[in-house]
Amino acid sequence: MKPRIRVPANFGKEHINSPVHGNIKLKLKDGQEIKVNSIIMSLNSPVIDNLTSNLTQSTLEMDDFTNSAVDCFVESMYTGDVEKLEKLNFEDVNKMAHVFKVGWLSKKCVLFYKTDILKFENNSYREIEFACEIASRAHFHLKQKQFVSLFVKHVTFDLVSKNTFLQRYLAGFAKVPRRRIDTSLAVASKDLNIIGNCLTAYLSSNFECAKFDENVLYLLQKLDIGKFSQTYPSQFEELVNFLSEILEESESACDEVKSTITSFIKRRRTIVEKGEEIQDTDNANSEMQLEDFEGLEENIDFGCKDVQSQTANVRSVWRRPLENQWEVIQPSPPIHSVQFITLGETGQQRRIGLYFRFPAGKSPSPNEAYGRTFGMQCENNDTSVWSYYIYGCTKAQLNSQFLYNVPRDKVKHWTVTKTFTHLNVTCNDVTVLNFNFATDHSTGFENSSQVWVGNCSSVLFWTTYAENLLLKSQVT
């Protein structure tokens, strides 16, 4: 016979721990006990009804949950309300509602998530991450998809803030749990270029195919390449080319790595064969002629002329760059990495500049494009002393900060890579600079991490080398 009493109902919280009615003991973590009435608890939970009525249990272990959560759960069963539900005990209360199949309480938890947890006082990363992690864990552990859906629907990101959030959310990519990858894909939605850029930025510091970790392989398997290729065709194509290059250059890749990358590339080919041809719509090339690269951030966009990007039959070659002229070498790179070779020559103070250009909409210039420069200079070729500066992070002058332990080889193969958190410089496979934007800045440049994160629309190169420098760039 169905019970005549419908829950939730108010049975009176004053009856909790009643010596007369409390015929069931709930054992908490620290040895404390709460006495509850089996009928009240059973009316709310069919699971507890089965444990007490059919299995005749008089003690229930609750040490998987915090005391605060158990206290809230019990009071809710007695009052039909959730007055003690708060952000700190929410996950455990929601888990208890799920485990004990208290349907009405689960609905209250969903409502609380929407009205309280998704209400951000400061709109800070920590607040948003807290809400995102709750949704991620609920989906993974309890198979509750509604929290991720609510997060995606009610947390409003513009492209820049979404990009910044996901960069931090996926930081330390090799060790992030897979549920974070799944959640990131849901948050990114159609903006899968953000995920692609996070992946390639990570791979740029872990280039060898043999070192691919399980998270990289998992992400490659989960990426919706149909959506990615249609929405951001140019960046998708660059990711495919990047993976192809890794596969070709690595001889020690394990079978699983080879199989995953090959499958990813084949899936791309299938899209093309079905007629969903990938088109490049970027207008990213620009040219510039300037005498020097120090202090250019105020006016570097003046004099730029955009030209149509040429993408057919693109390949990478080594060539001599133009002397004393800014030139685009890698428009819209999937990773912001530049390679060049300096050939030993007599003389000092040969300069090299890299200008990372950011699109409009990114602070501090929300309505116009802007950029940041990394400059380096050979102070003494014989002793291999090189200075550098990072605009917005250090003093904008050379011969002030120095690269560390630069090899004395006459022929130097340099790689400069900007990730979301660092600017890394290697010379002949020796790391000579690994600059953390958030912690390594000079005094007075505390906001450096904010102006260097994000994706560049183009990278420009400049040098005073006349002949003894080779630059790796893309040509048609």
Side-chain angles (χ1 to χ4, degrees), residues 152 157-174 176 178 180-207 209 212-247 257 260-272 276-282 284 309 311 314 316 330-338 356 358-359 361-362 417-422 453-459 474:
V152 171
F157 291 108
D158 59 29
L159 187 58
V160 174
S161 60
K162 182 188 290 188
N163 189 13
T164 302
F165 172 76
L166 289 176
Q167 289 168 20
R168 296 186 65 178
Y169 192 63
L170 291 174
F173 184 75
V176 301
R178 287 188 177 182
R180 276 204 173 203
I181 297 176
D182 292 332
T183 305
S184 297
L185 290 170
V187 172
S189 185
K190 63 184 179 71
D191 298 315
L192 290 175
N193 63 312
I194 298 175
I195 303 298
N197 287 338
C198 288
L199 174 61
T200 49
Y202 171 70
L203 291 176
S204 69
S205 61
N206 190 15
F207 193 80
C209 193
F212 271 31
D213 52 63
E214 292 181 356
N215 277 354
V216 172
L217 301 180
Y218 181 75
L219 179 53
L220 289 176
Q221 293 167 353
K222 297 288 287 186
L223 264 178
D224 185 340
I225 66 173
K227 182 190 297 183
F228 191 177
S229 63
Q230 291 174 6
T231 310
Y232 293 92
S234 176
Q235 288 168 296
F236 173 75
E237 189 74 358
E238 287 167 337
L239 175 60
V240 172
N241 292 338
F242 178 64
L243 293 172
S244 299
E245 183 179 349
I246 292 178
L247 192 60
V257 170
T260 301
I261 296 179
T262 301
S263 175
F264 185 87
I265 295 172
K266 284 182 178 179
R267 284 157 62 199
R268 176 262 180 192
R269 290 173 181 167
T270 300
I271 291 175
V272 175
E276 303 170 13
E277 188 64 46
I278 298 173
Q279 301 291 332
D280 191 342
T281 58
D282 290 339
S309 176
T311 58
V314 172
S316 295
Q330 194 177 16
S332 300
I335 54 172
H336 313 311
S337 185
V338 178
F356 297 89
F358 296 87
K362 185 182 185 305
T417 302
K418 188 195 86 65
T419 69
F420 299 119
T421 57
H422 289 72
V453 298
N455 301 313
C456 300
S457 59
S458 59
V459 181
Q474 294 179 345

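The residues of the chain are indexed from 1 along the displayed sequence. Bear in mind the structure is a predicted one, so any value in this text is a computation, not a measurement.
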Would you say [X] and [Y] make side-chain contact, with heavy atoms under 4.5 Å?
X    : Y    : value
L243 : L220 : yes
L185 : L219 : yes
N193 : T231 : no

Could you tell me the separation between the [atom1] atom of [X] and the [atom2] atom of [Y], rounded to the nearest 0.5 Å?
X    : Y    : atom1 : atom2 : result
L192 : N197 : CG    : CG    : 11.0 Å
S229 : L223 : OG    : CG    : 11.0 Å
C198 : I181 : SG    : CD1   : 11.0 Å
D191 : K227 : CG    : NZ    : 9.5 Å

*Give the intermediate values and the outcome of side chain to side chain contact (heavy atoms under 4.5 Å, CB included) for residues Y232 and I194.*
CA-CA 10 Å; Y232 293 92; I194 298 175; over 6 Å; no
_Set out, in order, the CA-CA distance, both residues' side-chain angles and the distance that settles side chain to side chain contact (heavy atoms under 4.5 Å, CB included) for N163 and F157, then state yes or no._
CA-CA 9 Å; N163 189 13; F157 291 108; over 6 Å; no
*Who passes side-chain contact (heavy atoms from CB on, under 4.5 Å) against S184, sequence neighbours left out?*
L166, Y169, L170, I195
*Could I get the full list of side-chain contact (heavy atoms from CB on, under 4.5 Å) partners for A174, not counting sequence neighbours?*
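With neighbours one apart ignored, the set is Y202, D213.
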*Given side chain to side chain contact (heavy atoms under 4.5 Å, CB included), test L199 with V216 step by step and report yes or no.*
CA-CA 7 Å; L199 174 61; V216 172; 3.9 Å; yes
*asked:* Holding to salt bridge (Lys or Arg N to Asp or Glu O under 4.0 Å), I want the full list of residues that pass it with R178, two or more places apart in sequence or in another chain.
replied: E214
*Would you name the heavy atoms of V176 and A171 that are closest together and state the gap between them?*
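Scanning both residues completely, I find the closest heavy atoms to be CG1-O, 3.4 Å.
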*What residues form a side-chain hydrogen bond (donor to acceptor under 3.5 Å, both in side chains) with N215, not counting sequence neighbours?*
none
